[in-house]
J.: 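Quick one: the structure is below, and I'll ask about it shortly.
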Protein chains: 2
Amino acid sequence: MSPETKIPTRDRLLNAAEELVNAKGFAATSIDQILARVGMSKGTFFYHFKTKDELARALIDRFAASDEQVLVSSMERAEKLSDDPRQQLFIFVGLMIEIAEQLDNQAQPNCLFATYCWENGLFDPETQSVIENALLNWRRMLGHKLRTVAQAHPPKVDVDLDSLADMITVVFEGAFVLARTVDGKDTIAEQTRHYRNYLQLLFSDEGNHTFPSTSTD
Amino acid sequence: MSPETKIPTRDRLLNAAEELVNAKGFAATSIDQILARVGMSKGTFFYHFKTKDELARALIDRFAASDEQVLVSSMERAEKLSDDPRQQLFIFVGLMIEIAEQLDNQAQPNCLFATYCWENGLFDPETQSVIENALLNWRRMLGHKLRTVAQAHPPKVDVDLDSLADMITVVFEGAFVLARTVDGKDTIAEQTRHYRNYLQLLFSDEGNHTFPSTSTD
DNA sequence: TTTATTATACCGACTAGTCGGTTTAGATGA
DNA sequence: TCATCTAAACCGACTAGTCGGTATAATAAA
(Lines give C-alpha, C1' and ligand atoms only; values in the text may rest on other atoms or scores of the structure.)
Protein backbone atom coordinates (compact mmCIF):
# COMPACT_ATOMS: atom_id res chain seq x y z
CA MET A 1 0.00 0.00 0.00
CA SER A 2 2.84 2.42 0.81
CA PRO A 3 4.16 4.19 -2.28
CA GLU A 4 7.60 2.59 -1.79
CA THR A 5 6.26 -0.93 -1.95
CA LYS A 6 4.68 -0.36 -5.33
CA ILE A 7 8.02 0.02 -7.10
CA PRO A 8 8.57 -3.04 -9.31
CA THR A 9 11.27 -5.42 -8.15
CA ARG A 10 13.40 -4.82 -11.20
CA ASP A 11 13.41 -1.08 -10.63
CA ARG A 12 14.25 -1.54 -6.98
CA LEU A 13 17.23 -3.64 -7.99
CA LEU A 14 18.29 -0.97 -10.47
CA ASN A 15 17.92 1.77 -7.86
CA ALA A 16 19.97 -0.08 -5.28
CA ALA A 17 22.59 -0.96 -7.88
CA GLU A 18 22.85 2.63 -9.04
CA GLU A 19 23.40 3.89 -5.51
CA LEU A 20 26.17 1.40 -4.89
CA VAL A 21 27.78 1.94 -8.29
CA ASN A 22 27.72 5.66 -7.66
CA ALA A 23 29.66 5.18 -4.43
CA LYS A 24 32.14 2.49 -5.43
CA GLY A 25 31.99 1.94 -9.15
CA PHE A 26 30.59 -1.03 -11.01
CA ALA A 27 33.29 -3.64 -10.43
CA ALA A 28 33.29 -3.18 -6.68
CA THR A 29 29.53 -3.50 -6.48
CA SER A 30 28.67 -7.13 -5.94
CA ILE A 31 25.32 -8.65 -6.67
CA ASP A 32 25.13 -9.88 -3.09
CA GLN A 33 25.47 -6.31 -1.85
CA ILE A 34 22.68 -5.14 -4.11
CA LEU A 35 20.46 -7.95 -2.89
CA ALA A 36 21.29 -7.28 0.75
CA ARG A 37 20.24 -3.68 0.30
CA VAL A 38 16.82 -4.56 -1.07
CA GLY A 39 16.43 -7.71 1.01
CA MET A 40 16.06 -10.15 -1.83
CA SER A 41 17.74 -13.33 -2.79
CA LYS A 42 20.05 -14.43 -5.53
CA GLY A 43 17.46 -16.18 -7.59
CA THR A 44 15.48 -12.98 -7.85
CA PHE A 45 18.38 -11.06 -9.30
CA PHE A 46 19.10 -13.64 -11.97
CA TYR A 47 15.45 -13.89 -12.78
CA HIS A 48 15.48 -10.22 -13.80
CA PHE A 49 19.00 -10.06 -15.26
CA LYS A 50 20.76 -12.88 -17.05
CA THR A 51 24.21 -11.65 -16.08
CA LYS A 52 25.86 -8.80 -14.24
CA ASP A 53 26.72 -7.35 -17.65
CA GLU A 54 23.04 -7.16 -18.41
CA LEU A 55 22.58 -5.14 -15.24
CA ALA A 56 25.30 -2.76 -16.41
CA ARG A 57 23.50 -2.33 -19.69
CA ALA A 58 20.10 -1.80 -18.06
CA LEU A 59 21.55 0.82 -15.73
CA ILE A 60 23.17 2.82 -18.51
CA ASP A 61 20.12 2.54 -20.76
CA ARG A 62 17.92 3.96 -18.06
CA PHE A 63 20.38 6.71 -17.27
CA ALA A 64 20.83 7.64 -20.92
CA ALA A 65 17.08 7.79 -21.47
CA SER A 66 16.66 10.18 -18.58
CA ASP A 67 19.63 12.22 -19.81
CA GLU A 68 18.12 12.54 -23.26
CA GLN A 69 14.84 13.63 -21.81
CA VAL A 70 16.52 16.42 -19.87
CA LEU A 71 18.26 17.56 -23.03
CA VAL A 72 15.24 17.49 -25.29
CA SER A 73 12.73 18.91 -22.84
CA SER A 74 15.06 21.72 -21.78
CA MET A 75 15.68 22.70 -25.37
CA GLU A 76 11.95 22.67 -26.05
CA ARG A 77 11.27 24.84 -23.04
CA ALA A 78 13.98 27.30 -24.06
CA GLU A 79 12.55 27.53 -27.54
CA LYS A 80 9.09 28.24 -26.20
CA LEU A 81 10.34 30.96 -23.87
CA SER A 82 11.86 33.08 -26.62
CA ASP A 83 11.87 33.50 -30.38
CA ASP A 84 15.43 34.76 -30.56
CA PRO A 85 17.93 31.89 -30.99
CA ARG A 86 20.54 33.67 -28.92
CA GLN A 87 18.12 34.11 -26.06
CA GLN A 88 17.04 30.49 -26.47
CA LEU A 89 20.67 29.50 -26.09
CA PHE A 90 21.14 31.51 -22.91
CA ILE A 91 17.85 30.28 -21.49
CA PHE A 92 18.83 26.70 -22.24
CA VAL A 93 22.10 27.07 -20.39
CA GLY A 94 20.17 28.83 -17.64
CA LEU A 95 18.01 25.74 -17.29
CA MET A 96 21.18 23.67 -17.04
CA ILE A 97 22.31 25.97 -14.24
CA GLU A 98 19.06 25.26 -12.42
CA ILE A 99 19.72 21.55 -12.74
CA ALA A 100 23.28 22.08 -11.55
CA GLU A 101 21.97 23.81 -8.45
CA GLN A 102 19.95 20.74 -7.60
CA LEU A 103 22.97 18.52 -8.14
CA ASP A 104 25.03 20.74 -5.85
CA ASN A 105 22.66 19.86 -3.03
CA GLN A 106 23.50 16.18 -3.35
CA ALA A 107 26.36 14.76 -1.35
CA GLN A 108 27.80 12.72 -4.20
CA PRO A 109 26.55 14.01 -7.53
CA ASN A 110 26.09 11.10 -9.83
CA CYS A 111 26.90 10.56 -13.48
CA LEU A 112 26.86 7.00 -14.66
CA PHE A 113 28.53 8.07 -17.91
CA ALA A 114 31.65 9.14 -16.06
CA THR A 115 31.63 6.11 -13.78
CA TYR A 116 31.53 3.77 -16.76
CA CYS A 117 34.02 5.88 -18.65
CA TRP A 118 36.72 5.37 -16.06
CA GLU A 119 36.00 1.64 -15.86
CA ASN A 120 35.39 1.23 -19.56
CA GLY A 121 37.63 -1.81 -19.86
CA LEU A 122 34.84 -3.75 -18.16
CA PHE A 123 32.09 -3.02 -20.65
CA ASP A 124 31.30 -4.31 -24.09
CA PRO A 125 31.37 -1.92 -27.06
CA GLU A 126 27.59 -1.70 -27.23
CA THR A 127 27.35 -0.49 -23.67
CA GLN A 128 30.08 2.04 -24.35
CA SER A 129 28.35 3.31 -27.45
CA VAL A 130 25.24 4.09 -25.43
CA ILE A 131 27.34 6.67 -23.65
CA GLU A 132 28.97 7.91 -26.82
CA ASN A 133 25.58 8.48 -28.43
CA ALA A 134 24.34 10.31 -25.37
CA LEU A 135 27.23 12.74 -25.54
CA LEU A 136 26.82 13.14 -29.28
CA ASN A 137 23.18 14.05 -28.69
CA TRP A 138 24.26 17.07 -26.72
CA ARG A 139 26.77 18.01 -29.39
CA ARG A 140 24.15 17.72 -32.11
CA MET A 141 21.33 19.64 -30.44
CA LEU A 142 23.41 22.35 -28.84
CA GLY A 143 25.69 22.54 -31.89
CA HIS A 144 22.69 23.21 -34.11
CA LYS A 145 21.55 26.02 -31.87
CA LEU A 146 25.05 27.49 -31.77
CA ARG A 147 25.28 27.52 -35.57
CA THR A 148 22.03 29.40 -35.80
CA VAL A 149 23.20 31.95 -33.25
CA ALA A 150 26.61 32.31 -34.89
CA GLN A 151 25.03 33.28 -38.19
CA ALA A 152 23.33 36.29 -36.66
CA HIS A 153 26.08 37.08 -34.17
CA PRO A 154 29.54 36.07 -35.37
CA PRO A 155 31.58 34.92 -32.38
CA LYS A 156 34.27 37.27 -31.07
CA VAL A 157 36.86 34.50 -31.35
CA ASP A 158 37.05 31.89 -34.05
CA VAL A 159 35.82 28.68 -32.43
CA ASP A 160 34.69 25.28 -33.57
CA LEU A 161 31.01 25.21 -32.72
CA ASP A 162 30.83 21.46 -32.17
CA SER A 163 33.56 21.62 -29.59
CA LEU A 164 31.83 24.63 -28.07
CA ALA A 165 28.71 22.49 -27.80
CA ASP A 166 30.75 19.65 -26.31
CA MET A 167 31.95 22.07 -23.69
CA ILE A 168 28.71 21.84 -21.75
CA THR A 169 29.36 18.13 -21.31
CA VAL A 170 32.95 18.89 -20.38
CA VAL A 171 31.94 21.46 -17.80
CA PHE A 172 29.40 19.15 -16.22
CA GLU A 173 31.65 16.13 -16.10
CA GLY A 174 34.57 18.14 -14.81
CA ALA A 175 32.45 19.91 -12.23
CA PHE A 176 31.25 16.53 -10.97
CA VAL A 177 34.80 15.52 -10.22
CA LEU A 178 35.48 18.80 -8.48
CA ALA A 179 32.24 18.65 -6.48
CA ARG A 180 32.88 15.07 -5.37
CA THR A 181 36.43 15.85 -4.33
CA VAL A 182 36.48 19.36 -2.89
CA ASP A 183 33.45 20.43 -0.97
CA GLY A 184 31.96 23.76 -1.81
CA LYS A 185 28.53 25.29 -1.94
CA ASP A 186 27.72 25.77 -5.58
CA THR A 187 30.47 24.08 -7.53
CA ILE A 188 28.58 22.67 -10.47
CA ALA A 189 26.27 25.64 -10.90
CA GLU A 190 29.16 28.08 -10.72
CA GLN A 191 31.09 26.23 -13.37
CA THR A 192 28.05 26.14 -15.60
CA ARG A 193 27.72 29.90 -15.13
CA HIS A 194 31.26 30.24 -16.45
CA TYR A 195 30.13 28.42 -19.54
CA ARG A 196 27.22 30.81 -19.95
CA ASN A 197 29.54 33.78 -19.42
CA TYR A 198 31.81 32.45 -22.13
CA LEU A 199 28.90 32.10 -24.55
CA GLN A 200 27.67 35.58 -23.71
CA LEU A 201 31.09 37.10 -24.28
CA LEU A 202 31.49 35.17 -27.52
CA PHE A 203 28.12 36.11 -28.94
CA SER A 204 27.76 39.61 -27.55
CA ASP A 205 27.04 42.31 -30.07
CA GLU A 206 30.14 44.02 -31.44
CA GLY A 207 32.01 46.58 -29.36
CA ASN A 208 29.69 47.56 -26.55
CA HIS A 209 29.05 44.58 -24.38
CA THR A 210 25.69 43.79 -22.92
CA PHE A 211 26.81 43.11 -19.36
CA PRO A 212 26.17 44.92 -16.12
CA SER A 213 29.60 46.58 -15.90
CA THR A 214 28.75 50.24 -16.61
CA SER A 215 30.74 51.58 -19.55
CA THR A 216 29.25 51.70 -23.01
CA ASP A 217 31.34 53.70 -25.45
CA MET B 1 71.45 -4.21 -19.16
CA SER B 2 68.52 -3.03 -21.26
CA PRO B 3 67.09 0.24 -20.00
CA GLU B 4 63.83 -1.53 -19.17
CA THR B 5 65.48 -3.98 -16.81
CA LYS B 6 66.96 -1.25 -14.68
CA ILE B 7 63.59 -0.04 -13.44
CA PRO B 8 63.19 -1.01 -9.77
CA THR B 9 60.70 -3.75 -9.04
CA ARG B 10 58.46 -1.47 -7.04
CA ASP B 11 58.20 1.01 -9.88
CA ARG B 12 57.49 -1.74 -12.36
CA LEU B 13 54.63 -2.89 -10.17
CA LEU B 14 53.33 0.66 -9.94
CA ASN B 15 53.57 1.12 -13.69
CA ALA B 16 51.71 -2.09 -14.43
CA ALA B 17 49.11 -1.29 -11.81
CA GLU B 18 48.56 2.17 -13.21
CA GLU B 19 48.00 0.84 -16.71
CA LEU B 20 45.44 -1.65 -15.52
CA VAL B 21 43.73 0.82 -13.22
CA ASN B 22 43.53 3.25 -16.09
CA ALA B 23 41.70 0.68 -18.19
CA LYS B 24 39.39 -0.91 -15.64
CA GLY B 25 39.49 1.08 -12.45
CA PHE B 26 41.05 0.09 -9.16
CA ALA B 27 38.57 -2.47 -7.87
CA ALA B 28 38.63 -4.54 -11.05
CA THR B 29 42.43 -4.59 -11.10
CA SER B 30 43.59 -7.64 -9.21
CA ILE B 31 47.00 -8.11 -7.74
CA ASP B 32 47.37 -11.33 -9.71
CA GLN B 33 46.79 -9.44 -12.95
CA ILE B 34 49.42 -6.89 -12.05
CA LEU B 35 51.88 -9.65 -11.25
CA ALA B 36 51.08 -11.54 -14.43
CA ARG B 37 51.85 -8.42 -16.42
CA VAL B 38 55.30 -8.00 -14.91
CA GLY B 39 55.95 -11.74 -14.56
CA MET B 40 56.42 -11.83 -10.84
CA SER B 41 54.85 -13.76 -8.03
CA LYS B 42 52.74 -12.88 -5.07
CA GLY B 43 55.44 -12.67 -2.46
CA THR B 44 57.07 -9.92 -4.45
CA PHE B 45 53.99 -7.77 -4.38
CA PHE B 46 53.44 -8.12 -0.67
CA TYR B 47 57.07 -7.48 0.03
CA HIS B 48 56.71 -4.05 -1.58
CA PHE B 49 53.17 -3.26 -0.44
CA LYS B 50 51.61 -4.38 2.80
CA THR B 51 48.09 -4.29 1.36
CA LYS B 52 46.28 -3.41 -1.82
CA ASP B 53 45.21 -0.21 -0.11
CA GLU B 54 48.85 0.71 0.24
CA LEU B 55 49.23 0.24 -3.50
CA ALA B 56 46.32 2.60 -4.04
CA ARG B 57 47.99 5.14 -1.85
CA ALA B 58 51.38 4.76 -3.53
CA LEU B 59 49.81 5.16 -6.95
CA ILE B 60 47.98 8.34 -6.05
CA ASP B 61 50.98 9.79 -4.22
CA ARG B 62 53.14 9.29 -7.26
CA PHE B 63 50.51 10.72 -9.55
CA ALA B 64 49.90 13.73 -7.33
CA ALA B 65 53.62 14.45 -7.10
CA SER B 66 53.95 14.46 -10.86
CA ASP B 67 50.82 16.60 -11.14
CA GLU B 68 52.21 19.14 -8.73
CA GLN B 69 55.45 19.28 -10.61
CA VAL B 70 53.62 20.06 -13.83
CA LEU B 71 51.73 22.83 -12.08
CA VAL B 72 54.69 24.43 -10.36
CA SER B 73 57.15 24.13 -13.21
CA SER B 74 54.67 25.45 -15.76
CA MET B 75 53.89 28.43 -13.61
CA GLU B 76 57.59 29.10 -13.16
CA ARG B 77 58.21 28.89 -16.87
CA ALA B 78 55.31 31.23 -17.58
CA GLU B 79 56.63 33.73 -15.07
CA LYS B 80 60.05 33.65 -16.64
CA LEU B 81 58.69 34.17 -20.14
CA SER B 82 56.95 37.45 -19.33
CA ASP B 83 56.83 40.16 -16.69
CA ASP B 84 53.20 40.98 -17.26
CA PRO B 85 50.91 38.89 -15.04
CA ARG B 86 48.23 38.77 -17.70
CA GLN B 87 50.68 37.45 -20.26
CA GLN B 88 51.99 34.99 -17.67
CA LEU B 89 48.45 33.75 -17.25
CA PHE B 90 47.93 33.25 -20.95
CA ILE B 91 51.33 31.62 -21.36
CA PHE B 92 50.57 29.29 -18.47
CA VAL B 93 47.33 28.17 -20.05
CA GLY B 94 49.20 27.90 -23.35
CA LEU B 95 51.57 25.45 -21.69
CA MET B 96 48.57 23.49 -20.50
CA ILE B 97 47.34 23.37 -24.08
CA GLU B 98 50.68 21.90 -25.13
CA ILE B 99 50.27 19.20 -22.50
CA ALA B 100 46.70 18.62 -23.65
CA GLU B 101 47.98 18.07 -27.18
CA GLN B 102 50.22 15.29 -25.94
CA LEU B 103 47.34 13.73 -24.04
CA ASP B 104 45.20 13.84 -27.16
CA ASN B 105 47.70 11.53 -28.83
CA GLN B 106 47.09 8.85 -26.24
CA ALA B 107 44.38 6.30 -26.81
CA GLN B 108 43.01 6.45 -23.28
CA PRO B 109 44.08 9.65 -21.57
CA ASN B 110 44.68 8.92 -17.94
CA CYS B 111 43.82 10.77 -14.77
CA LEU B 112 44.10 8.81 -11.58
CA PHE B 113 42.28 11.57 -9.72
CA ALA B 114 39.15 11.00 -11.74
CA THR B 115 39.42 7.22 -11.56
CA TYR B 116 39.62 7.33 -7.78
CA CYS B 117 36.94 10.00 -7.61
CA TRP B 118 34.35 7.75 -9.20
CA GLU B 119 35.33 4.82 -6.99
CA ASN B 120 35.87 6.92 -3.92
CA GLY B 121 33.85 4.63 -1.69
CA LEU B 122 36.81 2.26 -1.83
CA PHE B 123 39.45 4.58 -0.45
CA ASP B 124 40.23 5.86 3.01
CA PRO B 125 39.91 9.57 3.77
CA GLU B 126 43.67 10.12 3.65
CA THR B 127 43.90 8.79 0.13
CA GLN B 128 40.99 10.97 -0.89
CA SER B 129 42.54 14.04 0.65
CA VAL B 130 45.65 13.57 -1.48
CA ILE B 131 43.41 14.26 -4.45
CA GLU B 132 41.63 17.12 -2.75
CA ASN B 133 44.93 18.80 -1.96
CA ALA B 134 46.12 18.34 -5.52
CA LEU B 135 43.05 20.11 -6.86
CA LEU B 136 43.35 22.83 -4.24
CA ASN B 137 46.94 23.40 -5.36
CA TRP B 138 45.69 24.38 -8.77
CA ARG B 139 43.05 26.62 -7.26
CA ARG B 140 45.61 28.31 -5.05
CA MET B 141 48.35 28.92 -7.62
CA LEU B 142 46.12 29.84 -10.50
CA GLY B 143 43.77 31.76 -8.23
CA HIS B 144 46.66 33.88 -7.01
CA LYS B 145 47.66 34.69 -10.55
CA LEU B 146 44.08 35.52 -11.48
CA ARG B 147 43.75 37.92 -8.57
CA THR B 148 46.86 39.75 -9.66
CA VAL B 149 45.58 39.99 -13.21
CA ALA B 150 42.12 41.09 -12.10
CA GLN B 151 43.55 44.05 -10.21
CA ALA B 152 45.08 45.51 -13.35
CA HIS B 153 42.36 44.33 -15.71
CA PRO B 154 38.95 44.08 -14.05
CA PRO B 155 37.07 41.16 -15.55
CA LYS B 156 34.26 41.96 -17.99
CA VAL B 157 31.86 39.85 -15.97
CA ASP B 158 31.78 39.56 -12.22
CA VAL B 159 33.22 36.15 -11.46
CA ASP B 160 34.56 34.32 -8.45
CA LEU B 161 38.26 33.96 -9.15
CA ASP B 162 38.71 30.74 -7.18
CA SER B 163 36.03 29.05 -9.21
CA LEU B 164 37.59 30.51 -12.35
CA ALA B 165 40.86 28.90 -11.27
CA ASP B 166 39.05 25.63 -10.57
CA MET B 167 37.76 25.75 -14.09
CA ILE B 168 41.05 24.54 -15.53
CA THR B 169 40.66 21.38 -13.49
CA VAL B 170 37.05 21.15 -14.59
CA VAL B 171 37.96 21.53 -18.25
CA PHE B 172 40.69 18.92 -18.07
CA GLU B 173 38.64 16.37 -16.16
CA GLY B 174 35.63 16.91 -18.37
CA ALA B 175 37.68 16.74 -21.53
CA PHE B 176 39.16 13.43 -20.38
CA VAL B 177 35.69 11.94 -20.23
CA LEU B 178 34.84 13.30 -23.65
CA ALA B 179 38.12 12.13 -25.16
CA ARG B 180 37.75 8.63 -23.73
CA THR B 181 34.19 8.33 -24.94
CA VAL B 182 33.95 10.10 -28.29
CA ASP B 183 36.94 9.90 -30.52
CA GLY B 184 38.18 13.09 -32.05
CA LYS B 185 41.50 14.58 -32.97
CA ASP B 186 42.18 17.34 -30.49
CA THR B 187 39.50 17.08 -27.87
CA ILE B 188 41.39 18.01 -24.74
CA ALA B 189 43.49 20.73 -26.36
CA GLU B 190 40.46 22.30 -27.98
CA GLN B 191 38.58 22.43 -24.70
CA THR B 192 41.57 24.00 -23.00
CA ARG B 193 41.66 26.60 -25.78
CA HIS B 194 38.08 27.46 -24.90
CA TYR B 195 39.23 28.10 -21.37
CA ARG B 196 41.96 30.40 -22.66
CA ASN B 197 39.48 32.19 -24.90
CA TYR B 198 37.24 32.74 -21.91
CA LEU B 199 40.10 34.21 -19.88
CA GLN B 200 41.14 36.43 -22.76
CA LEU B 201 37.60 37.73 -23.21
CA LEU B 202 37.25 38.29 -19.48
CA PHE B 203 40.53 40.12 -19.05
CA SER B 204 40.72 41.92 -22.37
CA ASP B 205 41.23 45.66 -22.20
CA GLU B 206 38.02 47.65 -22.28
CA GLY B 207 36.06 47.94 -25.49
CA ASN B 208 38.46 46.93 -28.27
CA HIS B 209 39.52 43.35 -27.92
CA THR B 210 43.08 42.15 -28.33
CA PHE B 211 42.48 39.10 -30.50
CA PRO B 212 43.88 38.12 -33.88
CA SER B 213 40.95 39.68 -35.68
CA THR B 214 42.76 42.64 -37.26
CA SER B 215 42.38 45.71 -35.12
CA THR B 216 45.28 46.89 -32.97
CA ASP B 217 44.99 50.55 -32.11
C1' DT C 1 -17.35 -26.02 -8.20
C1' DT C 2 -13.50 -28.46 -8.36
C1' DT C 3 -9.15 -29.84 -10.39
C1' DA C 4 -5.27 -29.59 -13.50
C1' DT C 5 -2.19 -26.57 -16.12
C1' DT C 6 0.67 -22.82 -16.88
C1' DA C 7 3.47 -18.52 -16.26
C1' DT C 8 5.43 -15.20 -13.34
C1' DA C 9 8.00 -14.05 -9.48
C1' DC C 10 10.88 -15.32 -5.98
C1' DC C 11 13.90 -18.15 -2.69
C1' DG C 12 18.32 -20.09 -0.83
C1' DA C 13 21.68 -23.76 -1.08
C1' DC C 14 25.35 -24.84 -4.02
C1' DT C 15 29.49 -24.73 -7.31
C1' DA C 16 33.73 -23.44 -9.49
C1' DG C 17 36.74 -20.14 -9.45
C1' DT C 18 38.96 -15.58 -7.93
C1' DC C 19 40.03 -12.41 -4.38
C1' DG C 20 43.40 -10.27 -1.01
C1' DG C 21 46.58 -11.86 2.00
C1' DT C 22 49.98 -15.37 4.61
C1' DT C 23 53.61 -18.51 5.18
C1' DT C 24 57.79 -20.68 4.36
C1' DA C 25 61.81 -21.11 2.04
C1' DG C 26 65.40 -20.01 -1.12
C1' DA C 27 68.23 -16.79 -3.84
C1' DT C 28 71.00 -12.65 -4.28
C1' DG C 29 74.49 -9.48 -3.34
C1' DA C 30 77.00 -6.13 0.28
C1' DT D 1 76.41 -12.45 8.09
C1' DC D 2 72.54 -9.79 7.09
C1' DA D 3 69.21 -7.31 4.60
C1' DT D 4 66.84 -7.35 0.29
C1' DC D 5 64.22 -9.58 -2.84
C1' DT D 6 61.63 -13.37 -5.14
C1' DA D 7 59.07 -17.79 -5.61
C1' DA D 8 55.50 -21.14 -4.68
C1' DA D 9 52.06 -23.22 -2.09
C1' DC D 10 48.32 -22.22 0.51
C1' DC D 11 44.01 -20.09 3.12
C1' DG D 12 39.35 -18.41 4.05
C1' DA D 13 36.18 -15.16 2.27
C1' DC D 14 33.82 -13.74 -1.41
C1' DT D 15 32.56 -13.78 -6.52
C1' DA D 16 29.23 -14.49 -10.47
C1' DG D 17 26.28 -17.68 -11.80
C1' DT D 18 23.27 -22.32 -11.39
C1' DC D 19 19.60 -25.07 -10.00
C1' DG D 20 15.75 -27.32 -7.82
C1' DG D 21 12.00 -25.82 -5.72
C1' DT D 22 7.95 -22.79 -3.88
C1' DA D 23 4.09 -19.31 -3.69
C1' DT D 24 0.59 -17.05 -6.17
C1' DA D 25 -2.68 -16.25 -9.39
C1' DA D 26 -4.93 -16.73 -13.67
C1' DT D 27 -6.89 -19.93 -17.08
C1' DA D 28 -9.04 -23.94 -18.61
C1' DA D 29 -11.08 -28.38 -18.34
C1' DA D 30 -13.98 -31.67 -15.41
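In what follows, every heavy atom counts, from backbone to side chain, and hydrogens, waters and symmetry copies are set aside. Owing to the predicted nature of the structure, the values given are computational and were not obtained by experimental measurement.
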J.: Measure OH/Y47(A) against P/dT22(D) and give the value in whole Å, please.
T.: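 For the pair Y47(A) OH and dT22(D) P, the rounded distance is 18 Å.
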J.: Could you state the CD1-C1' distance from I31(B) to dG20(C), rounded to the nearest angstrom?
T.: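 Taking atom C1' of dG20(C) as the reference, CD1 of I31(B) is at 5 Å.
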J.: To the nearest Å, give me how far apart CZ (F45(A)) and P (dT18(D)) are.
T.: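 In whole Å, dT18(D) P and F45(A) CZ are 11 Å from each other.
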J.: Is any side-chain N of the basic residue among D32(A) and K42(A) closer than 4.0 Å to the acidic one's carboxylate O?
T.: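 Yes.
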J.: So does T44(B) get a side-chain nitrogen or oxygen closer than 4.0 Å to the phosphate oxygens (OP1/OP2) of dA7(D)?
T.: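 Affirmative; the distance criterion is met.
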J.: Write down the distance between CG (D53(A)) and P (dT15(D)), rounded to a whole number of angstrom.
T.: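 Whole-Å distance recorded here is 16 Å.
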J.: Within the 3.5 Å criterion, strictly below it, is a donor on N110(B) or R180(B) matched to an acceptor on the partner's side chain?
T.: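 On atom types as modelled, these side chains do not qualify, holding no pair under 3.5 Å.
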J.: Does D61(A) pair with R57(A) as a salt bridge, N-O distance under 4.0 Å?
T.: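 Looking at D61(A) and R57(A), the cut-off is met.
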J.: Starting from C1' on dC19(C), measure out to NZ on K42(B) and report it in whole angstrom.
T.: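 Nearest whole value for this atom pair: 7 Å.
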J.: In this structure, how many angstroms lie between the C1' atom of dG17(D) and the CG atom of D32(A), rounded?
T.: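 Distance check: D32(A) CG to dG17(D) C1' gives 11 Å.
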J.: In whole Å, what is the span from the CG atom of L35(B) to the P atom of dA7(D)?
T.: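 After rounding, the gap between these two atoms is 9 Å.
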J.: Nearest nucleotide by nearest heavy atom, which residue falls closer to the 5' end of DNA chain D, T9(B) or Q33(A)?
T.: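 It is T9(B) whose nearest nucleotide is closer to the 5' end.
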J.: Would you please confirm or rule out a distance under 4.0 Å between OP1 or OP2 of dT8(C) and any side-chain N or O of H48(A)?
T.: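 No, because none of the side-chain N or O atoms of H48(A) sits under 4.0 Å from OP1 or OP2 of dT8(C).
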J.: Which is more 5' along DNA chain D, the nucleotide nearest S30(A) or the one nearest K50(A)? Just name the residue.
T.: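 The 5'-side residue here is S30(A).
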J.: Are K52(A) and F26(A) in a cation-pi contact, defined as NZ or CZ under 6.0 Å from the six-membered ring centre and within 45° of the axis?
T.: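 Satisfied, under 6.0 Å and within 45°.
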J.: How long is the line joining CZ of F46(A) and P of dT15(C), in whole Å?
T.: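 Checked: the CZ to P distance equals 17 Å.
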